[in-house]
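What follows is a set of notes on a single structure, which appears directly below.
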Amino acid sequence: MSSFAESDILRLDSLLRGQGPVCIAVHIHPDGDAIGSATALARFLRSHCGRDARIVVNDPPPETLDFLSWEELVADASRQPQEARELIASASLLICLDMNEFKRAGSLAPALADSGATKILIDHHLDPDRASFDLVFSRTDISSTCELLYSLLTSLPGVKDAASLGPEVCTPLMTGMTTDTNNFANSVFPSTLVMASELLAAGVDRDAILLHLYNSYRENRLRAMGYCLSDLMKISPEGVAVIVMDGGTLRRFDLQDGETEGFVNLPLSLAKVRMSILLKEDEGFFRVSLRSRPDVAANELASACFHGGGHRCASGGRLYFPGDIADPSLAQDYVMNAAARFMRGEMPLEQ
Ligand code: 5GP
Ligand code: MN
């Protein structure tokens, strides 16, 4: 898996071991891969390189990730905007993880773009914005940013193996790889299983990670999941399942950010479903999540209709109201319509 140019690895090593504060940035609505990779890298920089490393996020991560104890490392711009801006402005090294361009960092994007720091990108999405970075590690034939980071860290001259990274680095890396592969259900490469094996051998407690990620939910989440499947899910003749969770539904089940994680995958367990689309109401827009079978490019629909993009089979975007639709009650019909046209090959869609 060590397919990096030696000169890039040496440059990375010298930048990580340099002077001054380091700021790590991840995408909006940070998930397990974003927080896992950022926490692992911040801890590595502190323990192995003696650097003052902090993480900036646009908004808080889901509570299921609290066990990673990321809080002491993170400045959340939705609660501490001044601190987040200062961390970015004072950094001598800026490292963006799990995003292909600054825009994916939401409100932090302008400050990141304006920063005078040396900039590194480590990411596994399509179309990296190479021109905005001094050093880029971008691979798409890999499960996650956590796997890419693991591969990079274990390629550094001073790192012998997974065990020498220490549990505080290994545990978040295993966590992000687990969430981005949906617990080894998708995006699993030979290198992914090698990484898992090496991390297990290094002593990572995978059972504890799974307990935190998948078996520690509140009852409301399971009740909401049942309601989504029994009452909200609609399936088009073309095999597109659509679930629209409006504000009323989110309030009725008291759903916090992150508690709908995984819902979008459920309809794909049906033989007839080829793409699943989940909408969650926010202020003035719906957050749109898309998942598809390998023969369907969900990211094309995300960019054509939902101002978004992402991976071929796991992508996202937004549906604005007013704008794309006049009001939220029209979302279901709009999405069913657009998806049906997309599946029939009537693209590009003019919205
Ligand atoms: P999720 O459905 O979990 O929110 O997002 C799935 C994937 O879609 C993410 O890993 C990310 O790659 C991509 N994604 C989500 N929202 C957006 C968006 O607004 N723009 C782009 N370019 N990608 C997105
Ligand atoms: Mn990721």
Side-chain angles (χ1 to χ4, degrees), residues 24-41 57-59 61-62 64-65 96-107 109 121-129 137-151 172-183 185-189 192 195 213 241-243 245 257-268 275-282 285-292 297-320 324 335:
I24 299 169
V26 296
H27 61 77
I28 189 168
H29 303 308
D31 58 3
D33 193 31
I35 292 300
S37 57
T39 303
L41 182 55
V57 293
N58 177 80
D59 47 330
T64 48
L65 299 173
C96 291
L97 299 175
D98 204 30
M99 58 170 158
N100 57 353
E101 54 177 350
F102 293 133
K103 210 175 85 188
R104 293 280 294 135
S107 67
L121 177 67
I122 301 175
D123 180 50
H124 69 127
H125 294 93
L126 298 167
D127 306 322
D129 176 16
F137 296 95
S138 166
R139 298 246 322 248
T140 54
D141 58 338
I142 201 160
S143 65
S144 53
T145 300
C146 278
E147 185 186 332
L148 181 53
L149 181 61
Y150 173 72
S151 172
L173 290 176
M174 181 77 111
T175 301
M177 181 268 282
T178 300
T179 56
D180 253 28
T181 60
N182 196 11
N183 198 12
N186 52 259
S187 320
V188 173
F189 293 80
T192 314
M195 168 192 180
L213 289 178
V242 177
I243 298 173
M245 304 184 77
D257 228 25
E259 285 190 316
T260 53
E261 193 70 39
F263 283 23
V264 67
N265 296 306
L266 299 171
L268 284 167
M275 177 158 62
S276 169
I277 307 177
L278 180 104
L279 275 72
K280 254 175 77 177
E281 190 173 337
D282 209 311
F285 63 92
F286 283 93
R287 282 165 61 181
V288 184
S289 283
L290 303 96
R291 301 290 185 274
S292 62
N299 59 347
E300 287 179 12
L301 181 59
S303 70
C305 293
F306 303 121
H307 316 277
H311 311 285
R312 180 177 172 87
C313 298
S315 55
R318 290 181 175 194
L319 183 68
Y320 291 95
D324 299 318
V335 175

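Remember, it's 1-based here, ligands and their atoms both numbered in the order they're listed.
Listed by atom number, the atoms of ligand 1 under 4.0 Å from A314 heavy atoms are 7 (C), 8 (O). For ligand 1, the atoms lying closer than 4.0 Å to a non-hydrogen atom of H125 are 10 (O), 11 (C), 12 (O). Of all atoms in ligand 1, listed by their number and element, those nearer than 4.0 Å to a heavy atom of S289 are 1 (P), 2 (O), 4 (O). Taking a cut-off of under 4.0 Å to the non-hydrogen atoms of G308, the atoms of ligand 1 that pass are 18 (C), 20 (N), 21 (C), 22 (N).
Closest approach of L121 to P128, counting heavy atoms only: CD2-CB, 3.8 Å.
Of all N/O/S atoms in D33, OD2 sits nearest the Mn ion (ligand 2). Between the Mn ion (ligand 2) and the N, O or S atoms of D98, the shortest distance is to OD1. When distances from the Mn ion (ligand 2) to the N, O or S atoms of D180 are compared, OD2 comes out shortest.
Selection from R104, H124, E101, R291 by nearest heavy atom to atom 11 (C) of ligand 1 gives R104.
In summary, R287 and D257 engage in a salt bridge, as defined by a charged side-chain N under 4.0 Å from a carboxylate O.
For the residue pair D180/S143, the side-chain donor-acceptor check at 3.5 Å is not satisfied. Side chains of S315 and N299: a donor-acceptor N/O pair is absent below 3.5 angstrom, by distance only.
When each of N100, D141, D98, T140 is checked for a side chain to side chain donor-acceptor pair (under 3.5 Å) with H124, only D98 meets the rule.
Of the protein's heavy atoms, G316 CA, 3.4 Å lies nearest to atom 15 (C) of ligand 1. For atom 24 (C) of ligand 1, the nearest non-hydrogen atom of the protein is G309 O, 3.4 Å.
Using cut-offs of 30° and 60° on the angle between ring planes, the pair Y320 and F285 is tilted.
Proximity of I35 to V57: side-chain heavy atoms (C-beta onward) are separated by under 4.5 Å at one or more points. When side chains are defined from C-beta on, N186 does not count as touching R291, because their heavy atoms never get closer than 4.5 Å.
H125 lies apart from the Mn ion (ligand 2) in this respect, since none of its N, O or S atoms is found at a distance under 2.8 Å.
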